[in-house]
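All of these numbers come straight from a predicted model, not from anything done at the bench.
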Amino acid sequence: MKQLYHYIQALSIDVALGAIVCSMFLGKINNTEIPTPIYFSLGIAVWVIYTLDHLMDAFSIQHTAHTFRHAFHQKYKKALSTACSILAFVGFIITVTYLPLTVFYHGIVLMIIVGAYLLIINLKFVPFSTFKETTVALIYTLGVALPVYSLSDTYHPALHFFSVSIFILATINLLEFSLFDFESDKKDKMMSGALKLGYDGINLRLKILFALFLLLFLISFIWLRLDYIIPQIIFFLMGLSLFIIYIKSDFFSKDDYFRILGDFVFLYPVLWVL
């Protein structure tokens, strides 16, 4: 079972499902009805973007990668490249056929941002130390929130709070991965925040982000009161899970446990959505 999940994680299937669940979560928060084709389009887009990112990383490594994910993308690069092309075409057909124009136009803007990110990464030009982690977290959050903001006439304050919370959690998630992958990234000469900043620099940023998340969580009880107590508890558990990964690094560094749980936390909102 663990080996199966390693493949699911390497293929970014859990990331795509997590994006769909989080988008459904934000839609329910704002009482916004999101057509089903949008979820298919979102899931495909997230999968294609993450797979392209991993393929670019794998292509840049001249030897057999030291991480399972990159080694997997090296071994199956032709099949994965073909799958990206096919799914990108399917996603485009769904987008132009079924998606409302507002979502379509905003989606184009997001794709331009994604294209700029991939170009910068391919050129190996990093504007700031945690560019990759922060930008991927931002793109993920924008993709998750885009359907809700595009289809809503009014926005509940809780929507903004949980959108910002998703961004903070996604950034924590990716910075933790960078920290755990420090040695393998060093061997593979990969770009990562940990290599640029070192352990102390990443640890400082993680502590700041955890403190910011906790502050937002406490403020939410005053701001939102008990109207969204269940979603608040779910997000607290998401943050708590990522914090446990951080403080129990010795355990979670084994067999990529940090990556398994780290991506799985974005499926927690399904407990409230369904």
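Within the model, atoms CG of L55 and CZ of F72 stand 10.0 Å from one another, a figure rounded to the nearest 0.5 Å. Note that CG of N173 and CD1 of I166 are 12.5 Å apart. Values are rounded to the nearest 0.5 Å. Separation of atoms CD1 (I49) and CE (M111) is listed at 4.0 Å; rounding is to 0.5 Å. Considering OG1 of T64 and NZ of K75, their distance stands at 10.5 Å, rounded to 0.5 Å. Atom CG of L52 is separated from atom CG of L80 by 10.0 Å, given to the nearest 0.5 angstrom. The line from CG of L216 to CG of L169 is 10.0 Å long, rounded to the nearest 0.5 Å.
When the side chains of ILVMFWY residues are joined at heavy-atom separations under 4.5 Å, either directly or via intervening members, F104 and L142 end up in two distinct hydrophobic clusters. Connection of L214 to I208 is not established within any shared hydrophobic cluster, with ILVMFWY side chains joined at heavy-atom distances below 4.5 Å, either directly or through further cluster members. The same ILVMFWY cluster, assembled from side-chain heavy atoms under 4.5 Å apart, contains both M238 and I244.
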Checklist entry - Should H63 and I61 be marked as a side chain to side chain contact (heavy atoms under 4.5 Å, CB included) after you check the CA-CA gap, both sets of side-chain angles, and the distance that decides it? => result CA-CA 6 Å; H63 51 269; I61 302 172; 3.6 Å; yes
Checklist entry - Please walk me through it: do V136 and Y117 pass side chain to side chain contact (heavy atoms under 4.5 Å, CB included)? => result CA-CA 8 Å; V136 170; Y117 161 77; 3.2 Å; yes
Next on the checklist: Between K248 and Y257, is the side chain to side chain contact (heavy atoms under 4.5 Å, CB included) condition met? List the steps.
Outcome noted: CA-CA 11 Å; K248 295 293 183 180; Y257 287 145; over 6 Å; no
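Shortest non-hydrogen contact noted between S163 and A145 is OG-CB, 4.2 Å. When all heavy atoms are compared, the tightest approach of A65 to A71 is CB-N, 3.6 Å. Here the shortest heavy-atom pairing between L87 and I44 reads O-CG2, 3.2 Å. When all heavy atoms are compared, the tightest approach of I34 to G27 is CD1-CA, 4.1 Å.
Relative orientation of the Y199 and F182 rings is tilted, given thresholds of 30° and 60° on the angle between their planes. Taking the six-membered ring where the residue is Trp, H54 and Y50 present perpendicular rings, their angle passing 60° and hence far from 30°. Ring geometry for F128 against F131 counts as perpendicular: the plane angle is over 60°, on a 0 to 90° scale with 30° as the lower cut.
Taking 4.5 Å as the limit, some side-chain heavy atom of P100 sits within range of a side-chain heavy atom of I38. The shortest distance between side-chain heavy atoms of P35 and L151 falls below 4.5 Å. At least one side-chain heavy atom of I233 sits under 4.5 Å from a side-chain heavy atom of I229. Using a 4.5 Å heavy-atom threshold, the side chains of I247 and F210 count as separate. With contacts defined as side-chain heavy-atom distances shorter than 4.5 Å, the pair V15/F266 does not qualify.
The side-chain hydrogen bond (donor to acceptor under 3.5 Å, both in side chains) contacts involving residues 79-104 comprise S41-T95, where partners must be two or more places apart or lie in separate chains. Annotation: side-chain hydrogen bond (donor to acceptor under 3.5 Å, both in side chains) contacts involving residues 259-274, sequence neighbours excluded, comprise Q9-D263, D181-R259, S241-Y268.
With sequence neighbours excluded, the residues forming a salt bridge (Lys or Arg N to Asp or Glu O under 4.0 Å) with D57 are K132, listed by chain and number.
For F92 and F89, the ring centers sit 6.0 Å or farther from each other. The aromatic ring centroids of F167 and F213 lie 6.0 Å or more from each other. Between F25 and F235, the distance separating the two ring centers is shorter than 6.0 angstrom.
No more than 12 heavy-atom neighbours from other residues, nucleotides or ligands sit within 6.0 angstrom of CD1 on I230.
Residues N30 and Y149 bring no donor and acceptor atom of their side chains to less than 3.5 Å of each other.
When atom types are taken as modelled, the side chain of E176 and the backbone of I245 share no donor-acceptor pair closer than 3.5 angstrom. With S253 contributing its side chain and D250 its backbone, the two residues share a donor-acceptor pair below 3.5 Å.
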